Amino acid sequence: MATIGLSFDNPVFAAYAAYSSLVLLKMFAVVGVTTYTRFSRGVFSNPEDVKGIKKAVCRLDNPDVERVRRLHRNDLENIPAFLAVGLLYVLTGPSPGVALWHFRVFTAARYLHTGAYLAGVQPWRVLTFSAGLATTLSMTVQVLMAGSL
C-alpha cells in the first residue's frame, strides 16, 4: 500500500500535484486563447471593453468567441471536479501505478479535448471528454467506497 498523506514524499500526492498543475496551466492557456480571439475578431462582451478599439463591437454571438468561451466553461465544469476528487482519492492510499494512470488519462484527455474543441472535430471531442469524465468518475467511486456513509 502506498504512503497516505498530503506530502511530496507520497508519490501519489506528488503525481497528483504535478498533473493538477498541468491541467490548471492548460485552463489558464484557454484564457489566453479567449483574449486572443476577442482581440483578433474585435468582439467583446462588455461595452466598456470596446472603448478606444477601432472597429470593435459589443456582441455575444460571434461563433469563434463563443466556441472558445464554451471550451473555457467546459474546463471550469470538469477541472475543479478532478482537483477535488483527485485530492480525496490521494487520501484513500491508492496504488501509485493506478493513480498515476488516472492522472495521466485525465490530463491527456483534457489537452486533447481542447484541441478537438477548438478544431470542432467529432467524435474526438466527445471521446476525449468521455475519457476525462470516466477517470474522474472512477476516482469518485473509489473515494465513495473508502468513505463511510
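The model shown is predicted, which means the values in this text are computed figures rather than measured ones. As a basis for the values below, the full set of heavy atoms in this structure was taken, side chains included, without hydrogen atoms, waters or symmetry mates.
Here Trp101 contributes atom CH2 and Ser95 contributes atom OG; the two are 12.5 Å apart, rounded to the nearest 0.5 Å. Atom CG of residue Leu22 and atom CZ of residue Phe106 lie 11.5 Å apart, to the nearest 0.5 angstrom.
Sequence neighbours left out, the pairs with a member in residues 73-94 that pass salt bridge (charged side-chain N to carboxylate O under 4.0 Å, His left out) are Lys26-Asp75, Asp75-Arg110. The salt bridge (charged side-chain N to carboxylate O under 4.0 Å, His left out) analysis of residues 28-39, with sequence neighbours excluded, yields no pairs. Judged as a salt bridge (charged side-chain N to carboxylate O under 4.0 Å, His left out), not a single pair has a partner in residues 134-143 (not counting sequence neighbours).
For the salt bridge (Lys or Arg N to Asp or Glu O under 4.0 Å) test, residues two or more places apart in sequence or in another chain that qualify with Arg41 are Asp64. Every residue was checked against the ring-ring contact (aromatic ring centres under 6.0 Å, His included) condition with Phe28, not counting sequence neighbours, and none meets it. With sequence neighbours excluded, the residues satisfying side chain to side chain contact (heavy atoms under 4.5 Å, CB included) with Leu76 are Met27, His72. Legend: residues meeting ring-ring contact (aromatic ring centres under 6.0 Å, His included) with Tyr19, ordered by chain and number and at least two apart, are absent. Every residue two or more places apart in sequence or in another chain that forms a side chain to side chain contact (heavy atoms under 4.5 Å, CB included) with Ala56 is listed here: Phe44, Val50, Ile53. With sequence neighbours excluded, the residues satisfying side chain to side chain contact (heavy atoms under 4.5 Å, CB included) with Asp61 are Arg59. Residues passing the side chain to side chain contact (heavy atoms under 4.5 Å, CB included) test with Leu60, sequence neighbours excluded: Ser45, Arg69.
Residue Val65 belongs to a hydrophobic cluster whose other members are Val43, Val57, with links defined by side-chain heavy atoms closer than 4.5 Å.
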Could you walk me through whether Tyr36 and Val68 pass the side-chain contact (heavy atoms from CB on, under 4.5 Å) test, one step at a time? CA-CA 10 Å; Tyr36 170 79; Val68 177; over 6 Å; no
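The hydrophobic clustering, which links ILVMFWY residues whose side-chain heavy atoms are closer than 4.5 Å, places Leu24 and Val90 together. Under the 4.5 Å side-chain contact rule for hydrophobic residues, Leu100 and Tyr89 share a cluster. Connection of Phe8 to Phe103 is established within a shared hydrophobic cluster, with ILVMFWY side chains joined at heavy-atom distances below 4.5 Å, either directly or through further cluster members. Two different hydrophobic clusters hold Val33 and Leu112 under the rule that ILVMFWY side chains link at heavy-atom gaps under 4.5 Å. Leu71 and Val23 sit in two unconnected hydrophobic clusters of ILVMFWY residues. Membership requires side-chain heavy atoms under 4.5 Å apart, directly or through other members.
Here the shortest heavy-atom pairing between Tyr117 and Arg67 reads O-NH1, 2.8 Å.
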With a cut-off of 3.5 Å and sequence neighbours excluded, list every side-chain donor-acceptor pair involving residues 128-149.
residue, atom, partner, partner atom, Å
Thr128, OG1, Trp124, O, 2.8
Thr128, OG1, Arg125, O, 3.1
Ser130, OG, Val126, O, 2.7
Thr135, OG1, Gly132, O, 2.8
Thr136, OG1, Gly132, O, 3.2
Ser138, OG, His102, NE2, 2.8
Ser138, OG, Gln142, NE2, 3.1
Thr140, OG1, Thr136, O, 2.7
Gln142, NE2, Ser138, O, 3.2

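Panel note: side chain Asn78, backbone Asn74; a donor-acceptor pair is recorded below 3.5 Å. Between the Thr107 side chain and the Arg104 main chain, no donor and acceptor come within less than 3.5 Å of each other.
Residues Leu91 and Phe13 are not in side-chain contact: their nearest non-hydrogen atoms beyond the backbone lie 4.5 Å or more apart. Between Cys58 and Asp49, every side-chain heavy-atom pair lies at or beyond the 4.5 Å cut-off.
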